[in-house]
*Asks:* 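Mind having a look at this structure? Questions to follow.
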Amino acid sequence: MPRSHLITVLGVFTAVGALVPASARAADQVANQILTYNVEHPKYGDIGTYTNAVSQNGNNVDVRTELHIAVKMIGIPLFHQDATRDERWQNQRLVGFKSQTDDNGTNIAVTGKADGTHFVINSSSNGNLTAPEQVHPSNPWAPFVLKTDTIMSTKTGKVSPVI
């Protein structure tokens, strides 16, 4: 997947910034690790951080994400976004998801859970959605999460095909 598509898929707010590795180890071998990225904007510079704390126990993996972004010009706040997100994986299948995002004062909550051959999502901004079981959130913490044909926005819960 081209880098530009990856940043779009991240759903971090592509109009405002991009992720730049700060201190990330390779995620091919998932173990207990912390992946931290600086969020940089071409005009405003370093505007925040994006961190994944990955904890693996056998075939079960928990991922805790924190996003903190603040855009200021001459000390005046122009935009902020703060989010916490929790993912639960079993055998490389997403089985649980929960997020809370403050998008410049608008609060967005998303929850989701595996249900048979589907993944059921409840979003405060998009209502109830049903996705295929192979849906992956827009969070590139490991290479296998990019191998899907359906992606879920970590911010809104919106489901989109990967093209």
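FYI, side chains are in, hydrogens and waters are out, and symmetry mates aren't considered; it's all heavy atoms of this structure.
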*Asks:* Strictly distance-based, threshold 3.5 Å: is any side-chain N or O of Asp86 a donor or acceptor partner for the main-chain N or O of Phe97?
*Replies:*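 A pair under 3.5 Å: no.
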*Asks:* Looking at Val63 and Val61, what are the two nearest heavy atoms and their distance?
*Replies:*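 Looks like CG2-CG1, 4.0 Å.
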*Asks:* Look up atom OG1 in Thr150 and atom CZ in Phe119, then write down how far apart they are to the nearest 0.5 Å.
*Replies:*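 Reported to 0.5 Å precision, the distance equals 12.5 Å.
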*Asks:* Side-chain contact test, heavy atoms from C-beta onward, threshold under 4.5 Å: evaluate it for His68 versus Glu66 and give yes or no.
*Replies:*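 They are in contact (side-chain heavy atoms under 4.5 Å apart), so the answer is yes.
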*Asks:* Within this structure, what is the CD1-CD1 distance for the pair Ile47 and Ile69, rounded to the nearest 0.5 Å?
*Replies:*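 If we round to the nearest 0.5 Å, Ile47:CD1 and Ile69:CD1 are 5.0 Å apart.
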*Asks:* Between CD of Gln100 and CZ of Arg85, what distance do you get to the nearest 0.5 Å?
*Replies:*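 Gln100 CD to Arg85 CZ: 10.0 Å, rounded to 0.5 Å.
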*Asks:* State, yes or no, whether a side-chain contact exists between Arg64 and Thr84 at a heavy-atom distance under 4.5 Å.
*Replies:*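 Contact flag for Arg64/Thr84 side chains = yes.
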*Asks:* Short question: side chain of Asn126, backbone of Thr156 - any donor-acceptor pair under 3.5 Å?
*Replies:*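 Indeed, once roles are kept as given, a pair shorter than 3.5 Å links the two residues.
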*Asks:* If we check side chain to side chain donor-acceptor pair (under 3.5 Å) with Tyr50, which of these qualifies: Asn139, Asn38, Thr36?
*Replies:*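 Answer after filtering Asn139, Asn38, Thr36: Asn139.
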*Asks:* Just how far is it from atom OG1 of Thr111 to atom CG of Asn122, taken to the nearest 0.5 Å?
*Replies:*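 Thr111 atom OG1 to Asn122 atom CG measures 4.5 Å (nearest 0.5 Å).
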*Asks:* Could you tell me the separation between the CE atom of Met152 and the NZ atom of Lys158, rounded to the nearest 0.5 Å?
*Replies:*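 Reported to 0.5 Å precision, the distance equals 14.0 Å.
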*Asks:* What closest approach, in Å, do Ser138 and Ser153 show between heavy atoms, and which atom pair accounts for it?
*Replies:*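 Result for this residue pair: OG-CA, 3.7 Å.
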*Asks:* Does the pair Thr154 and Thr65 meet the rule for a side chain to side chain contact (heavy atoms under 4.5 Å, CB included), with working shown?
*Replies:* CA-CA 10 Å; Thr154 56; Thr65 303; over 6 Å; no
*Asks:* Linking I/L/V/M/F/W/Y whenever their side-chain heavy atoms sit closer than 4.5 Å, directly or via other members, would Ile108 and Val120 fall into one cluster?
*Replies:*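 Hydrophobic grouping puts Ile108 apart from Val120.
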*Asks:* Do any N or O atoms from the side chain of Ser99 and from the backbone of Lys155 form a donor-acceptor pair under 3.5 angstrom?
*Replies:*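 Side chain of Ser99 to backbone of Lys155, a donor-acceptor pair under 3.5 Å: no, none is there.
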*Asks:* Consider only side-chain N and O atoms of Ser123 and Ser125, and report whether a donor and an acceptor are under 3.5 Å apart.
*Replies:*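 Yes, a side-chain donor-acceptor pair sits under 3.5 Å.
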*Asks:* Restricting to non-hydrogen atoms, name the atom on Ala114 and the atom on Leu94 that form the minimum distance, rounded to 0.1 Å.
*Replies:*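 In this case the closest contact between Ala114 and Leu94 is CB-O, 3.9 Å.
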*Asks:* Is there side-chain contact between Val145 and Pro137, with at least one heavy-atom pair below 4.5 Å?
*Replies:*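 Contact flag for Val145/Pro137 side chains = no.
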*Asks:* Between the side chain of Thr101 and the main-chain N/O of Asp103, is any donor-acceptor distance below 3.5 Å?
*Replies:*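 Answer holds: no.
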*Asks:* Going hydrophobic residue to hydrophobic residue with side-chain gaps under 4.5 angstrom, can you get from Leu129 over to Val95?
*Replies:*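 Shared cluster, no.
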*Asks:* Looking only at atom types and distance, does a side-chain atom of Glu40 sit under 3.5 Å from a main-chain N or O of Pro42, one as donor and one as acceptor?
*Replies:*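 No.
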*Asks:* Could you tell me whether a side-chain N or O of Ser55 sits under 3.5 Å from a main-chain N or O of Asp62, the two making a donor and an acceptor?
*Replies:*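 Between the backbone of Asp62 and the side chain of Ser55 there is no qualifying donor-acceptor contact (under 3.5 Å).
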*Asks:* If you count heavy atoms of other groups shown closer than 6.0 angstrom to CG of Asn57, is the number above 12?
*Replies:*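 12 or below, so no.
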*Asks:* Can you name the nearest heavy-atom pair linking His118 to Thr130, along with the distance?
*Replies:*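 Taking every non-hydrogen atom into account, CD2-CG2, 3.4 Å.
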*Asks:* Once rounded to the nearest 0.5 Å, what's the spacing between atom CZ of Arg93 and atom CD of Gln134?
*Replies:*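 That separation rounds to 9.0 Å.
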*Asks:* Stepwise, does the side chain to side chain contact (heavy atoms under 4.5 Å, CB included) test hold for Asn60 with Arg88?
*Replies:* CA-CA 7 Å; Asn60 298 319; Arg88 174 148 292 187; over 6 Å; no
*Asks:* Taking the six-membered ring for Trp and the full ring for Phe, Tyr or His, determine whether the centres of Trp89 and His136 are under 6.0 Å apart.
*Replies:*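 Here the rings of His136 and Trp89 have centres that are less than 6.0 Å from each other.
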